[in-house]
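Throughout, residue positions are numbered sequentially from 1 according to the sequence presented.
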Amino acid sequence: QVQVVESGGGLVQAGGSLRLSCAASGFISSINVMGWYRQAPGNQRELVATITSGGSTNYADSVKGRFTISRDNDKITVYLQMNSLKPEDTAAYYCNLHMFNRDYWGKGTLVTVSS
């Protein structure tokens with residue numbers, strides 16, 4: 001029914017940029033929050049950025065000024081523009097859709113930043 005699919009991960013050099021995309025399909029409420037989370041091996045999953053259907057954004061301190069989250073409500077797609085990437089950004093990035101007090105997750109896309 002509801003599906004969340006990420007794309008755009010890959011290998012990038014430190015200081016480079018990468019753009020992730022997340023498309024949601026199925027019955028999607030017009031009122032929702034979408035966001036990106038990441039998890040590196042041995043670490044807990046952490047919030048990267050979120051954006052509401054109204055356009056309000058929230059960022060983790062570690063990515064402020066470097067990452068930008070945006071969305072296209074017509075396509076029900078959220079993007080994460082990642083600039084000035086650092087090796088510590090290396091992780092599996094997961095897209096999240098929150099609506100009706102439920103969470104829907106994508107399977108993740110890997111981002112590797114080489115030094």
Side-chain angles (χ1 to χ4, degrees):
Q1 298 180 42
V2 176
Q3 286 191 307
V4 179
V5 181
E6 308 98 330
S7 63
L11 176 64
V12 65
Q13 298 178 63
S17 299
L18 205 61
R19 188 183 188 230
L20 305 182
S21 298
C22 172
S25 62
F27 180 71
I28 310 298
S29 173
S30 60
I31 302 175
N32 61 72
V33 180
M34 296 186 73
W36 291 94
Y37 292 72
R38 66 187 182 187
Q39 185 171 22
N43 291 1
Q44 293 184 320
R45 185 172 297 187
E46 63 177 356
L47 182 148
V48 176
T50 61
I51 184 167
T52 70
S53 49
S56 297
T57 59
N58 182 55
Y59 296 91
D61 289 340
S62 60
V63 306
K64 286 182 179 178
R66 299 190 298 122
F67 292 9
T68 302
I69 189 169
S70 61
R71 64 185 293 162
D72 183 332
N73 289 332
D74 291 335
K75 296 181 178 180
I76 316 178
T77 303
V78 65
Y79 306 93
L80 185 68
Q81 179 65 47
M82 304 184 292
N83 298 326
S84 302
L85 283 162
K86 304 174 181 179
E88 47 263 50
D89 294 318
T90 296
Y93 283 71
Y94 298 89
C95 182
N96 172 264
L97 166 64
H98 183 79
M99 63 178 185
F100 300 130
N101 295 313
R102 291 277 303 277
D103 286 296
Y104 302 87
W105 294 91
K107 295 181 179 179
T109 185
L110 296 176
V111 173
T112 302
V113 183
S114 64
S115 59

_Working for side chain to side chain contact (heavy atoms under 4.5 Å, CB included), residues Phe100 and Ile28_ = CA-CA 10 Å; Phe100 300 130; Ile28 310 298; over 6 Å; no
Which heavy atom of [X] sits nearest a heavy atom of [Y], and at what distance?
X	Y	answer
Asp89	Tyr93	O-OH, 2.7 Å
Tyr94	Gly106	CD2-O, 3.6 Å
Arg71	Ser53	NH1-N, 3.4 Å
Ser84	Arg66	O-NH1, 3.0 Å
Glu6	Gly108	OE1-N, 3.0 Å
Ala49	Leu80	CB-CD1, 4.4 Å

_For Gln13, is the CD atom crowded, meaning more than 12 foreign heavy atoms sit under 6.0 Å from it?_
no
Given side chains that start at C-beta, do those of [X] and [Y] come closer than 4.5 Å, heavy atoms only?
X	Y	answer
Cys95	Trp36	yes
Thr109	Ser7	no
Gln1	Phe27	no
Met82	Val12	no
Thr68	Tyr59	yes

_To the nearest 0.5 Å, what is the distance between OG on Ser21 and CD on Gln81?_
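Interatomic distance, Ser21 OG to Gln81 CD, rounded to 0.5 Å: 9.5 Å.
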_For Asn58, the option from Val48, Leu47, Ile51, Ile69 that meets side-chain contact (heavy atoms from CB on, under 4.5 Å)_ =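 Testing each of Val48, Leu47, Ile51, Ile69 against Asn58, the sole residue satisfying side-chain contact (heavy atoms from CB on, under 4.5 Å) is Leu47.
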*Are Ile76 and Val2 joined in one hydrophobic group, where the rule is that I, L, V, M, F, W and Y side chains link up if heavy atoms are under 4.5 Å apart?*
yes
_Cluster link Val4 to Val33, ILVMFWY, side chain under 4.5 Å_ = no
*Taking atom types as modelled and ignoring hydrogens, do the side chains of Arg45 and Asn96 form a donor-acceptor contact shorter than 3.5 angstrom?*
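The answer is no; no qualifying pair exists.
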*Applying ring pair (Phe, Tyr, Trp, His ring centres under 6.0 Å), name anything that partners Tyr37, two or more places apart in sequence or on another chain.*
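In terms of ring pair (Phe, Tyr, Trp, His ring centres under 6.0 Å), with neighbours along the sequence ignored, Tyr37 is linked to Trp105.
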*Qualifying salt bridge (Lys or Arg N to Asp or Glu O under 4.0 Å) pairs, either residue in residues 92-103, two or more places apart*: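 Checked against salt bridge (Lys or Arg N to Asp or Glu O under 4.0 Å) - neighbours excluded - no pair reaches residues 92-103.
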*Kindly state each residue pair satisfying salt bridge (Lys or Arg N to Asp or Glu O under 4.0 Å) with at least one member in residues 10-20, sequence neighbours excluded.*
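Qualifying pairs, neighbours excluded: none.
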*What pairs with Ser17 under side-chain hydrogen bond (donor to acceptor under 3.5 Å, both in side chains), at least two apart in sequence or on another chain?*
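Partners of Ser17 under the side-chain hydrogen bond (donor to acceptor under 3.5 Å, both in side chains) test: Asn83.
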*Partners meeting side-chain hydrogen bond (donor to acceptor under 3.5 Å, both in side chains) with Asp61 (sequence neighbours left out)*: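 side-chain hydrogen bond (donor to acceptor under 3.5 Å, both in side chains) list for Asp61, sorted by chain: Lys64.
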*Can you name the residues that form a salt bridge (Lys or Arg N to Asp or Glu O under 4.0 Å) with Glu46, not counting sequence neighbours?*
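Listed in chain order: Arg38.
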